Amino acid sequence: MIYRLSDNIISTLGFNSKDNYSQIKNGNSGLKLYENRFNLPEPFFASLIDEEEINDRFSSLPKTTNEKYTKLEKLSILSCSDAINLSNINPSSNDVIFVFSTTKGNVELLEENKEFEKERVYLWKSAQVIKNYFHNPNQPIVVTNACISGVAAQLTAFNLLNNHNFKYAIVVGAEVLSKFIISGFQSFKALSMQMCKPFDRDRDGLNLGEGASSIVYKLADNDEVLPKERIEFISGTVRNDANHISGPSRTGEGLFNAISETIKGYDTSKLSFINAHATSTPYNDSMESFAIERGGINNIPVNSLKPYLGHTLGAAGILETIISFHSLIDNTIIKTLNHQNYGVEKSIIVNVSNKESKKPAFIKLISGFGGSNAAIMFEKSGYDKY
Amino acid sequence: MINIEIKSWCRITNTKVLLNGEELEIPLRENTSWLTNIYKSQKIDYPKYFKMDTLSKAGFLASEIIMRSLNIDPLEPKPKWSIISMNSSSSLETDKNYQQTIQDTNNYFPSPSVFVYTLANIVTGEIAIRNKIMGETLFFVHKDFSPHHLYQYSIDALSNDSIENLLCGWVEDGDNNIDVLMFALKKNTKVNNFNIENIKTIY
């Protein structure tokens with residue numbers, strides 16, 4: 001059995017999970033309009049983390065070397081540091097493995113790189129820099145699987161714990177935005193110029209966001225006295241649509257298969273909510289309504305966190321899992337900000353106000369380029385209050 | 001421990017294509033890239049190939065050679081197959097090409113058909129689409145070819161009760177060096193020949 005020891009989120013809304021959760025619970029969004037940023041010809045609506053604040057906080061960390069770090073690495077190290085401190089584990093131990101999730105890593109170094117060695121643009125190098133900061137002896141694992149990376153990284157971590165002799169996994173996801181990423185999404189006409197509208201009739205695209213997020217997981221020992229309050233991993237699955245490299249299957253084939261496999265044998269009446277991917281592109285949200293209905297879980301409230309922090313790409317699967325942990329402990333289903341007029345093909349329940357629910361479990365859905373989809377499910381026990 | 005059998009394997013480098021250890025004869029045509037020479041010599045007919053970036057082409061060709069050697073119909077849906085790929089440079093070659101299209105504000109022409117290949121896992125998507133593979137598709141990055149991790153990920157993928165077959169391998173296109181080793185694996189077989197030593201020997 002695998003359970004969560006601690007977590008951290010860094011975003012525009014705060015530098016730890018609790019601050020992020022409380023801002024989101026209060027309905028605050030970190031998204032805004034940026035003009036003339038990154039030398040881009042068009043403005044964009046996104047959530048960017050203030051670099052000065054990152055540098056301030058980074059300079060107060062205990063330093064072990066004089067090495068320089070990129071924004072992505074600073075965010076990742078800050079995020080891991082907080083999660084590790086909260087968990088009380090020793091990250092330099094042999095039985096700890098780092099699993100790093102990102103789509104583009106330090107890709108902005110391709111535009112201009114005066115400070116760092118050439119190999120710094122490789123994803124394995126970023127992962128090494130991060131785990132070296134914590135003196136971890138093991139080769140880090142890098143998962144890069146488009147938008148589902150954060151959930152795929154957690155599932156990979158669980159395999160490493162269950163099958164390969166590790167006891168603790170630190171799963172960290174991070175993404176920083178740059179001209180590279182934003183111009184690409186703009187070329188796809190995938191970005192909305194206003195706050196995104198999940199499952200809405202008038203949804204016209206997604207917003208991008210920066211973030212870092214980490215979770216420390218532990219494999220329970222056979223004779224371990226488990227903590228009374230805990231969140232356990234139940235199951236999770238990745239499935240491909242085998243349909244198109246940049247668009248989902250209309251009827252949600254892969255996501256439906258991922259949901260079915262994940263809930264197989266589980267009493268879904270225990271599910272408090274479904275945290276959807278819900279990027280607010282026309283295709284994605286409609287596809288999710290198909291998958292949720294076909295999976296037979298369309299009686300469970302669905303929310304989307306994208307209007308709060310945008311799509312944080314490689315961090316998203318971890319970040320949204322963490323917000324869902326905190327909302328589960330808080331007996332609250334977070335509302336889907338900015339959803340006004342129902343507008344997806346199939347019938348699902350979009351949660352539009354913060355609602356009390358004492359049910360113990362949630363399922364998180366995620367989909368991305370390359371036809372990949374994933375579902376992951378967790379259950380809490382023992383918590384009285386947040 | 002489950003038994004895992006190597007049903008077929010393919011190795012592609014800048015100069016050679018091996019199928020289960022046998023070198024395939026690749027006649028070289030003029031003005032044709034090495035990978036497209038492979039495509040033509042194998043008489044593959046899949047026009048989407050020409051839209052792919054080099055990384056996807058390399059992975060696609062290895063998968064195509066393997067699946068043909070096993071006489072597997074690409075049109076048959078394969079819910080019990082998964083795909084795992086890994087490499088060192090992710091999609092860096094395409095990233096550099098895409099960067100060229102946005103570097104200069106006066107010559108700015110970002111294109112979605114290039115940008116989509118700035119995700120390394122697209123190669124797994126291309127193979128999944130071609131073969132209707134509907135299981136897991138995952139992409140990992142390691143500094144160097146790592147038989148140990150390739151083995152580990154394969155065990156994990158095949159430990160899933162719903163999955164019986166796996167295409168897994170190293171698919172690298174770094175500084176125009178093609179370096180591919182792909183396996184088709186099947187679990188619960190009498191033969192049990194997929195192990196770290198064998199991966200090392202074949203590579």
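Since we're looking at a predicted model, the values are computed, not measured. Residue numbering restarts at 1 for every chain, and letters A, B, ... go by the order of the sequence lines. What's counted below: heavy atoms across the whole structure, side chains too, no hydrogens, waters or symmetry copies.
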Looking only at S88(B), S146(B), S91(B), the option with the highest number of non-hydrogen pairs under 4.5 Å against chain A is S88(B)
Side-chain touch S111(B)/S187(A), heavy atoms, less than 4.5 angstrom: no
Rounded to the nearest 0.5 angstrom, the OG-OH distance for S246(A) and Y117(B) is 8.5 Å
* **Contact check, side chains of Q128(A) and K143(B), non-hydrogen atoms, under 4.5 Å** => yes
- Is there a donor-acceptor contact under 3.5 Å from the side chain of D241(A) to the main chain of G125(B)? no
Checked H244(A), E253(A), K189(A) vs chain B; the most non-hydrogen pairs under 4.5 Å come from H244(A)
Checklist line | Heavy-atom neighbours of N36(A) CG exceed 12 at 6.0 Å | finding: no
Turns out that what part of E112(A) lies under 4.5 Å from chain B's heavy atoms comes down to neither
Bottom line for F100(A): the part with an atom under 4.5 Å from chain B's heavy atoms is neither
*Any Q152(B) side-chain heavy atom under 4.5 Å of L160(A) side chain*: yes
So CZ of F180(A) and OG1 of T101(B): to nearest 0.5 Å the spacing works out to 8.0 Å
*Is K96(B) atom NZ crowded by more than 12 heavy atoms from other residues, nucleotides or ligands, each under 6.0 Å away?*
yes
From the list L138(B), N160(B), L119(B), the residue making the most non-hydrogen contacts under 4.5 Å with chain A is L138(B)
Checklist entry - Are more than 12 heavy atoms from other residues, nucleotides or ligands located less than 6.0 Å from atom CD of E117(A)? => result yes
- Query: Are any non-hydrogen side-chain atoms of V116(B) and F188(A) less than 4.5 angstrom apart?
  - Reply: yes
Most heavy-atom pairs under 4.5 Å with chain A, out of I155(B), V123(B), T118(B), belong to T118(B)
Counting heavy-atom pairs under 4.5 Å with chain A, the top scorer among V141(B), D161(B), N131(B) is V141(B)
V121(A) side chain near L92(B) side chain, heavy-atom distance below 4.5 Å: yes
Applying a strict 4.5 Å limit to non-hydrogen atoms, the region of I163(B) in contact with chain A is side chain
Interatomic distance, CG@N121(B) vs CZ@F369(A), rounded to 0.5 Å, equals 10.5 Å
In terms of heavy-atom contacts, I102(B) and K179(A) come closest through O-NZ, 2.8 Å
| task | Let me see the working for I245(A) and M52(B) under side-chain contact (heavy atoms from CB on, under 4.5 Å), right down to the final yes or no. | result | CA-CA 11 Å; I245(A) 52 169; M52(B) 297 178 195; over 6 Å; no
inquiry  = Does Y283(A), at its OH atom, have more than 12 non-hydrogen atoms belonging to other residues, nucleotides or ligands within less than 6.0 Å?
reply    = no
Checked T237(A), I148(A), V142(A) vs chain B; the most non-hydrogen pairs under 4.5 Å come from V142(A)
Turns out that what part of L155(A) lies under 4.5 Å from chain B's heavy atoms comes down to neither
Under 4.5 Å to a heavy atom of chain B? For K264(A) that would be side chain
- Task: Go through the side-chain N and O atoms of S90(B) and K104(A) and say whether any donor and acceptor fall under 3.5 Å apart.
- Result: no
The interface call for T156(A) against chain B, heavy-atom contacts under 4.5 Å, is side chain
- Message: A quick test of your reading: do over 12 heavy atoms of other residues, nucleotides or ligands sit less than 6.0 Å from CG of N165(A)?
- Response: no
Practice prompt. May I ask you to decide if Q103(B)'s main-chain N or O and E111(A)'s side chain share a donor-acceptor pair within less than 3.5 Å?
Written response: no
Exercise for review: Report yes if the side chains of Y98(B) and L110(A) come closer than 4.5 Å at any heavy-atom pair, otherwise no.
Suggested key: no
> Counting only N and O atoms by type, is there a donor-acceptor contact under 3.5 Å from the side chain of N145(A) to the main-chain atoms of T137(B)?
Replying inline: yes
Step by step, would you call D156(B) with H164(A) a side-chain contact (heavy atoms from CB on, under 4.5 Å)? CA-CA 9 Å; D156(B) 292 341; H164(A) 304 290; 2.8 Å; yes
So do I141(A) and H149(B) actually touch side chain to side chain, heavy atoms under 4.5 Å? yes
Between R239(A) and M134(B) the two heavy atoms that sit nearest each other are CD-O, 3.1 Å
With chain A, the option among P79(B), S159(B), S56(B), S162(B) that has the most non-hydrogen atom pairs under 4.5 Å is S162(B)
Does the Y108(B) side chain pair with the main chain of P41(A), one donor and one acceptor, at a distance under 3.5 Å? no
For A128(B) and A242(A), the nearest pair of non-hydrogen atoms, with its separation, is O-CB, 3.5 Å
Rounding to 0.5 Å, atoms OH (Y122(A)) and CG (N87(B)) come to a distance of 10.0 Å
Comparing T144(A), V143(A), L123(A) against chain B, the one with the most heavy-atom pairs below 4.5 Å turns out to be T144(A)
NZ (K132(B)) and CG (N240(A)) are apart, to the nearest 0.5 Å, by 12.0 Å
Turns out that what part of Y153(B) lies under 4.5 Å from chain A's heavy atoms comes down to side chain
